[in-house]
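Structure first, commentary second.
Residue numbers begin at 1 in each chain, while the letters A, B, ... track the order of the sequences.
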2 protein chains.
Amino acid sequence: MENLDQTDRTILRILQNDSKKTAKEIAAMLNLTVSPVYERIRRLENQGFIKKYVAILDKDRIGRSITAICQISMRYHDESFIDEFEKQIQSLNEVQECYHMAGQVDFILKIHVQSLESYHEFVRYQLSKIKNIGVINSNFVIKEIKHTSEYYI
Amino acid sequence: MENLDQTDRTILRILQNDSKKTAKEIAAMLNLTVSPVYERIRRLENQGFIKKYVAILDKDRIGRSITAICQISMRYHDESFIDEFEKQIQSLNEVQECYHMAGQVDFILKIHVQSLESYHEFVRYQLSKIKNIGVINSNFVIKEIKHTSEYYI
DNA sequence: ACTGAAATCACTTCCTC
DNA sequence: GAGGAAGTGATTTCAGT
């Protein structure tokens, strides 16, 4: 973070919002030519500031309209149980995010499914098959207020 | 979703993982030439399946290592209060996600900050300035198990 | 819907200051 | 660290099947 100047930050801000912007367009915004912009972007990639470039899909359009937040507490907290749980969660396609938490609840998951019925099936046939789960507490999103992949820089 | 054939889905799967893949590379994977791949991608964009293309940054690298999940209940549930809350939340740079929930808790937020101290400042100077908040319950992520922008297709 | 070729434009390298 | 010119390769369009 310390080794990023104002130009780098502007480039990151632009690419977080639209990675299809060409080096030429970015150069114009910064009053630079293409070469320095190109070299900065490559440096930001190589130094790991930019992890990847992805397409963001419309979840409603592809039939994943239901978002559930699922809070899970484990029965036992042995290292081996936790490791196993984490491995299993990673392999579930419905799970978009999973965090190990400090506090009462052990894990918080964000899950996308097609319908309430598919959520039922997900809990019944996938989640509850994982060993050592104590409490599962599910809540549904009724409105997405904000959802961005951009970090404020 | 119904008007997507297997080729479209494969293209979406590839672009969700790496939007820098060229039409040529994708064509090779699908045993096609460049033109149909190019035209399908443009159709998927125009029909709104692909919303945008973005760069994903490394949050540790840019000094946003702390993730907090914050659950908020409102004091009153009048429409005007809720609307105002949503508007204010959208303008907060630290808030990555915010969902209006069905259930006991009204809103769940995901927040990225630099340190526990900056989280304290966020709650004190930004969040608690918003009118009509009843209960704020914050929990911190100790490990990110899974975090992807890809939807399973 | 796909192929193949042609035109345009962006990416990438390298040499300069 | 930035500019400019040159080469390479991808995007984009279109006629043909």
**Study point:** Contact state string [nucleotides 8-14 of chain D, B base, S sugar-phosphate only, - no protein heavy atom under 4.0 Å]
**Key:** --SSBBB

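Partners of A:His77 according to the side chain to side chain donor-acceptor pair (under 3.5 Å) rule, which considers only residues two or more places apart in sequence or in another chain, are A:Asp106. Evaluation of the salt bridge (charged side-chain N to carboxylate O under 4.0 Å, His left out) rule for B:Glu121 yields no partner, not counting sequence neighbours. Residues satisfying the salt bridge (charged side-chain N to carboxylate O under 4.0 Å, His left out) test with B:Lys146, not counting sequence neighbours, are none. Here A:Phe85 pairs with A:Phe107 under the ring-ring contact (aromatic ring centres under 6.0 Å, His included) rule; sequence neighbours left out. Partners of B:Asn93 according to the side chain to side chain contact (heavy atoms under 4.5 Å, CB included) rule, which considers only residues two or more places apart in sequence or in another chain, are A:Tyr152. A:Glu79 meets the side chain to side chain contact (heavy atoms under 4.5 Å, CB included) test with A:Asp83; sequence neighbours excluded. With sequence neighbours excluded, the residues satisfying salt bridge (charged side-chain N to carboxylate O under 4.0 Å, His left out) with B:Lys59 are B:Glu144. Residues meeting the salt bridge (charged side-chain N to carboxylate O under 4.0 Å, His left out) test with A:Glu25, sequence neighbours left out: none.
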Check your understanding: Reading DNA chain C 5' to 3', what string of ( ), [ ], | and . shows its pairs, if Watson-Crick and G-U wobble pairs count only when both distances fall under 3.5 Å?
Key -> ||||||||||.||||||

Check your understanding: Does the pair A:Glu94 and A:Arg64 meet the rule for a salt bridge (charged side-chain N to carboxylate O under 4.0 Å, His left out), with working shown?
Key -> CA-CA 9 Å; A:Glu94 291 89 346; A:Arg64 303 242 137 204; 5.5 Å; no

Between protein and nucleic acid, restricted to nucleotides 6-8 of chain C and to nitrogen or oxygen atoms under 3.5 Å apart, what atom pairs and distances do you find?
none

With a cut-off of 3.5 Å and sequence neighbours excluded, list every side-chain donor-acceptor pair involving residues 33-41 of chain A.
unit_1, atom_1, unit_2, atom_2, d
A:Arg40, NH1, A:Asp5, OD1, 2.9
A:Arg40, NH1, A:Asp5, OD2, 3.2
A:Arg40, NH1, A:Asp8, OD1, 2.8
A:Arg40, NH2, A:Asp5, OD2, 3.2

